[in-house]
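Read the structure below first, then the notes.
Chain letters run A, B, ... following the sequence lines, proteins first and then strands; every chain starts at 1. All figures in this text were calculated on a predicted structure; none of them were measured in a lab.
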Amino acid sequence: MNSSKRHEIFSRLQAANPHPSTELEFDGAFQLLIAVLLSAQTTDVAVNKVTKVLYALAPTPQAMLELGEEKVRDTIKTIGLYRTKAAHVIATCEALLNTFGGEVPQTRAELESLPGVGRKTANVVLNTAFRQPAMAVDTHIFRVSNRTGIAKGKNVREVEDKLVKYIPKEFLLDAHHWLILHGRYTCKALKPQCSNCLIEDLCEYKAKAL
DNA sequence: AACTCGGGGCA
DNA sequence: TGCCCAGAGTT
């Protein structure tokens, strides 16, 4: 995969979806942080159901602590891993207040210091809330990157580094959303929709599969 | 590197 | 019924 091919791929994805965004529902960096924290191994539809209620009950870190872990747990109990996530939400809000003045920090190291926030979550917040050039590689992006040849790697870290390095700068901020949506709806794990794919002719997977 | 958390959605 | 889902922390 050469650079002109990558440019063409992202040009097409951009033309089809000029203003991509996460499917998680949020308003502001704090809500996004909570939403992504809750989304581990859980579909965004399920997350949106509980965050809608949770944000109304607790729109700020202070309000979240006043609400308390029991109520948070009860509010999010319809999603997976809810006990761990409720504890992480409370612990993260405590850290936001005690260490970061109630604001969501804007560096990866600081974000990763928050309980329940790993590299992937930190990168999503950096990219989506703060528009910094970070790539958060999940299973969708890992699969799409390797199949198409946009960035091949044995682990997510390797793919992440190559994506940041190889994706043309003008596309990098939105590339996260294009790739993840492409992986979910077209380049699916089990039944890839190659016949409906915008970049079929540029993809190494298609070339190899047929 | 393997293990655990975990209810909902879908085949 | 079985398998997967926008992962992270612990051992």
Side-chain angles (χ1 to χ4, degrees), chain A residues 13 17 20-27 29-55 69-70 72-96 104-105 108-132 134-147 150-151 153-160 163-164 167 172-193:
Chain A
L13 294 174
N17 188 2
S21 64
T22 173
E23 296 200 345
L24 294 172
E25 295 170 4
F26 69 100
D27 180 11
F30 173 66
Q31 289 191 2
L32 176 64
L33 173 63
I34 299 300
V36 181
L37 196 157
L38 295 180
S39 72
Q41 297 295 300
T42 304
T43 60
D44 50 3
V45 177
V47 172
N48 286 337
K49 282 183 195 167
V50 301
T51 53
K52 190 172 184 179
V53 177
L54 188 61
Y55 298 154
E69 186 171 339
E70 301 293 322
V72 172
R73 184 185 305 154
D74 189 58
T75 304
I76 70 170
K77 69 184 176 187
T78 58
I79 68 173
L81 313 179
Y82 67 97
R83 276 184 281 261
T84 322
K85 289 173 181 176
H88 285 161
V89 166
I90 293 298
T92 280
C93 287
E94 286 175 347
L96 289 178
V104 179
R108 181 154 57 215
E110 289 173 322
L111 285 165
E112 283 193 69
S113 76
L114 298 170
V117 178
R119 187 179 186 85
K120 188 260 173 184
T121 300
N123 278 331
V124 173
V125 173
L126 287 175
N127 176 292
T128 303
F130 300 128
R131 305 302 284 170
Q132 292 183 33
M135 282 298 307
V137 178
D138 60 15
T139 57
H140 290 308
I141 294 185
F142 185 78
R143 180 179 68 254
V144 172
S145 299
N146 274 297
R147 277 183 178 173
I150 292 172
K154 292 183 291 294
N155 52 57
V156 294
R157 186 61 180 276
E158 194 176 333
V159 171
E160 177 186 324
L163 286 172
V164 172
I167 294 176
L172 185 56
L173 281 180
D174 290 326
H176 170 74
H177 301 297
W178 286 321
L179 291 174
I180 203 163
L181 293 173
H182 188 68
R184 165 187 282 230
Y185 296 111
T186 305
C187 195
K188 300 195 281 190
L190 294 182
K191 297 179 181 176
Q193 311 290 302

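Summarising the geometry, the separation between CZ on Arg83(A) and P on dG9(C) is reported as 19 Å, rounded to the nearest angstrom. Between Arg157(A) atom CZ and dG7(C) atom C1' there is a gap of 16 Å when expressed in whole angstrom units. Following rounding to the nearest Å, Lys188(A) (NZ) and dC10(B) (P) show an atom-to-atom distance of 12 Å. Rounded to whole Å, atom C1' of dC5(B) lies 12 Å from atom CD1 of Ile76(A). For the pair Asn123(A) CG and dG7(C) P, the interatomic distance rounds to 13 Å; values are reported in whole Å. Across the protein-nucleic acid pair, Tyr185(A) atom OH and dC5(C) atom C1' stand 13 Å apart, rounded to whole Å. The distance between atom NZ of Lys85(A) and atom P of dG8(B), rounded to the nearest whole Å, is 12 Å. Rounded to a whole Å, the CD1 atom of Ile141(A) is 14 Å from the P atom of dC5(C).
For Arg119(A), no side-chain nitrogen or oxygen approaches OP1 or OP2 of dG7(C) to under 4.0 Å. Dashed line: the shortest gap from a side-chain N or O of Thr84(A) to OP1 or OP2 of dA8(C) is not under 4.0 Å.
Using a 4.0 Å heavy-atom distance criterion, Ile79(A) is classed as a sugar-phosphate-only contact. Residue-level contact check: Thr22(A) touches the bases, meaning some heavy atom is under 4.0 Å from a base atom. Nucleic acid contact class of Val124(A) (heavy atoms, under 4.0 Å, all strands): none. Among the protein residues, Gly118(A) comes within range of the sugar-phosphate backbone only, with heavy atoms under 4.0 Å from sugar or phosphate atoms but none that close to a base.
Taking the side chain as every heavy atom from C-beta outward, Val125(A) and Val104(A) approach each other to under 4.5 Å. A 4.5 Å side-chain heavy-atom check between Leu96(A) and Phe30(A) finds at least one atom pair inside the cut-off. With a 4.5 Å cut-off on side-chain heavy atoms, Thr51(A) and Phe26(A) do not count as touching.
Between dG8(B) and dA8(C), the two P atoms lie 23 Å apart (nearest whole Å). For the P atoms, the distance from dT11(C) to dG6(B) is 16 Å, rounded to whole Å.
Contacts with DNA chain B (heavy atom under 4.0 Å) in residues 32-53 of chain A: Gln41(A), Thr42(A), Lys49(A), listed by number.
If you find the closest nucleotide of DNA chain B to Lys191(A) and to Lys77(A), the one lying nearer the 5' end belongs to Lys77(A). Nucleotides of DNA chain C nearest to Asp138(A) and Pro115(A) differ in position, and the one nearer the 5' end is that of Asp138(A). Comparing Leu190(A) and Val117(A) by the nucleotide of DNA chain C that holds the closest heavy atom to each, the one mapping nearer the 5' end is Leu190(A).
With salt bridges taken as basic N to acidic carboxylate O contacts below 4.0 Å, one links Asp174(A) and Arg131(A).
Considering only side-chain atoms of Thr78(A), the nucleotide from dG8(B), dG9(C), dG6(B) that sits closest is dG8(B).
Each salt bridge (charged side-chain N to carboxylate O under 4.0 Å, His left out) pair with one or both residues in residues 31-42 of chain A, not counting sequence neighbours, would appear here, but there are none. Listed by first and then second residue, the side-chain hydrogen bond (donor to acceptor under 3.5 Å, both in side chains) pairs that reach into residues 111-128 of chain A are Arg108(A)-Asn123(A), Arg119(A)-Glu160(A), Asn123(A)-Glu160(A), Thr128(A)-His177(A), sequence neighbours excluded.
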> Given the rule in the side chain to side chain contact (heavy atoms under 4.5 Å, CB included) test, do Val47(A) and Lys85(A) qualify, once you have shown the distances and angles that lead to the verdict?
Replying inline: CA-CA 12 Å; Val47(A) 172; Lys85(A) 289 173 181 176; 5.8 Å; no
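The local environment of CG in Asn155(A) is crowded, with over 12 non-hydrogen atoms from other residues, nucleotides or ligands closer than 6.0 Å.
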